[in-house]
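Report on the following structure.
Fair warning: this is a prediction, and the values are worked out from it, not measured in the lab.
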Amino acid sequence: MNMRIRRRLFIAACLIPGLAIFGLFKVYPTIQVFEKSLFLWTGIGDEPKFIGLKNFTDLFHDDVFLLSLRNTGFLMLVVPVLTILIALINASILTRSKLKERGLYRTLFFFPSVLSFVVIAILWSFIYHPTIGFVNSGLELMGLSDWAMAWLGDQRTVLWALAVTLVWQAAGYYMVMYMAGIDGISPELYEAASMDGATPIQQFRNITVPMLWEIIRVTIVFSINGVLTISFVVVSIMTAGGPDRHSEVVMTYLYSQAFTNSNFGYAMAIGVVIFVLSLLLALISNRLTERRGN
């Protein structure tokens, strides 16, 4: 047996266990979700009944599902934009400025990213509390008590309140990524721009953002997918889909259909829709950012 064959056998021996585990716990369950979405299935002990695409046709006549899809789309649009913008600005300030307390500010901004999602949801539930919450108490101290409201109990504000929570949790994480990228930009570019009279804002727009564009592309996809998954925990704890389903997202609706209504086939149809939408969003965002980079 020559050296080339031995090398290939060694590579195969290293790859096969990992591929087997990936196939068993990732690929096979995904195939099962697609298969079971074509059945009426109410529990593990019941015999699934094949109904074809009926679950999918019912989905798009389901007002609650359509509302949850709209709410999810809102969060997936607003949260990544605000998160990336805030993270970029903070990273630029804490990297390019001469603040003496930069280390402290970096720690404070990054701290929410190391907290459990459950802890964050509970914390912000108290912050938004209508009587003892920090938001309404702060408004009263500033003489703006007329602005106080039940932020999580009003359908006009609940999604924005959830969006703020998600942005607060994620901005520090992406800030660290952008700071690492800014540290890799040659200081000579900024010095030359300063000599030409460029303001800090112009330097940020014309040097920092273009030089970080490859990192921004990756974080856009990460942020969109992160909102889809993290929103489940935040909504479940902070609002449970209320008021009147106006904060329901597709992941919480999937969970309620599966484990509250025992409608597993319908829940798996929702899972298929989420999978397809996530794939399409990732492809679209990648194409758009590639076009923007060119």
Side-chain angles (χ1 to χ4, degrees), residues 1-39 41 44 48 76 79-80 83-84 87 91 106 110-120 166 169-186 211-234 250-251 254-255 258-259 264-265 267-294:
M1 185 180 297
N2 60 34
M3 184 62 67
R4 179 177 297 179
I5 295 176
R6 289 181 179 178
R7 185 178 301 165
R8 289 178 178 176
L9 289 175
F10 175 76
I11 293 172
C14 293
L15 290 176
I16 287 173
L19 291 174
I21 293 172
F22 179 79
L24 181 62
F25 293 103
K26 287 289 187 180
V27 178
Y28 179 71
T30 302
I31 294 172
Q32 285 289 295
V33 168
F34 276 84
E35 178 186 351
K36 296 301 183 184
S37 67
L38 303 176
F39 288 81
W41 185 35
I44 296 175
M76 293 176 74
V79 173
T83 300
I84 290 171
R106 290 178 183 181
F110 183 71
F111 179 71
S113 300
V114 302
L115 293 177
S116 164
F117 300 140
V118 175
V119 172
I120 290 171
L166 293 169
Q169 182 276 328
Y173 175 78
Y174 295 113
M175 179 194 73
V176 172
M177 298 177 67
Y178 297 146
M179 288 173 63
I182 293 173
D183 285 337
I185 300 175
S186 174
M211 295 296 289
L212 292 181
W213 187 247
E214 289 301 317
I215 300 176
I216 294 172
R217 282 179 52 194
V218 175
T219 55
I220 288 173
V221 178
F222 282 177
S223 183
I224 291 173
N225 289 328
V227 169
L228 186 63
T229 54
I230 299 170
S231 62
F232 168 75
V233 179
V234 173
V250 288
M251 294 296 289
L254 183 155
Y255 182 88
F259 299 105
F264 291 96
M268 290 187 181
I270 297 174
V272 171
V273 173
I274 293 172
F275 176 83
V276 172
L277 287 178
S278 300
L279 186 61
L280 288 175
L281 285 171
L283 292 174
I284 291 170
S285 61
N286 189 54
R287 285 291 182 89
L288 291 176
T289 51
E290 278 184 352
R291 187 177 300 175
R292 170 65 177 80
N294 294 331

Would you compute the distance between atom [atom1] of [X] and atom [atom2] of [Y] and round it to the nearest 0.5 angstrom?
X      : Y      : atom1 : atom2 : answer
Leu281 : Ile274 : CG    : CD1   : 11.5 Å
Thr30  : Phe25  : OG1   : CZ    : 13.0 Å
Leu9   : Ile16  : CG    : CD1   : 9.0 Å
Phe259 : Leu254 : CZ    : CG    : 8.0 Å
Ile182 : Ile215 : CD1   : CD1   : 8.5 Å
Met76  : Leu228 : CE    : CG    : 5.0 Å

Report yes or no: does Thr219 contribute a side-chain atom to a donor-acceptor pair with the main-chain N or O of Ile216 at less than 3.5 Å? yes
Regarding Tyr174 and Ser113, do their side chains bring together a donor and an acceptor under 3.5 Å, going by distance alone?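 No, no side-chain donor-acceptor contact under 3.5 Å.
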Begin from the C-alpha positions of Tyr178 and Ile84 and carry the test side-chain contact (heavy atoms from CB on, under 4.5 Å) through to its verdict. CA-CA 9 Å; Tyr178 297 146; Ile84 290 171; 3.4 Å; yes
Which of parallel (below 30°), tilted (30 to 60°) and perpendicular (above 60°) describes Phe232 and Tyr255?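 It falls in the tilted class, 30° to 60°.
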Is the Phe264-Phe39 ring centre distance short of 6.0 angstrom? no
Would you say the ring centroid of Phe110 lies under 6.0 angstrom from that of Tyr173?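 Between Tyr173 and Phe110, which both carry aromatic rings, the centre distance is not below 6.0 Å.
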Nearest heavy-atom pair of [X] and [Y]: which atoms, and what distance?
X      : Y      : value
Pro17  : Ala13  : CD-O, 3.0 Å
Pro29  : Leu24  : CD-O, 3.3 Å
Ile224 : Pro80  : CG1-CG, 4.0 Å
Ile120 : Gln169 : CD1-CG, 3.1 Å
Ser278 : Asn225 : CB-OD1, 4.2 Å
Arg106 : Met179 : NE-CE, 2.8 Å

Inspect the surroundings of CZ in Phe275 and state if more than 12 heavy atoms from other residues, nucleotides or ligands are less than 6.0 Å away. no
Evaluate the criterion side-chain contact (heavy atoms from CB on, under 4.5 Å) for residue pair Ile230 and Leu166; output intermediate values, then yes/no. CA-CA 8 Å; Ile230 299 170; Leu166 293 169; 3.7 Å; yes
Could you check whether any side-chain heavy atom of Leu277 comes within less than 4.5 Å of a side-chain heavy atom of Val250, counting everything from C-beta outward?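 Leu277 does not reach Val250 side chain to side chain.
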Does the side chain of Glu35 come within less than 4.5 Å of Met268's, by heavy atoms?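 No, too far: nothing below the 4.5 Å cut-off.
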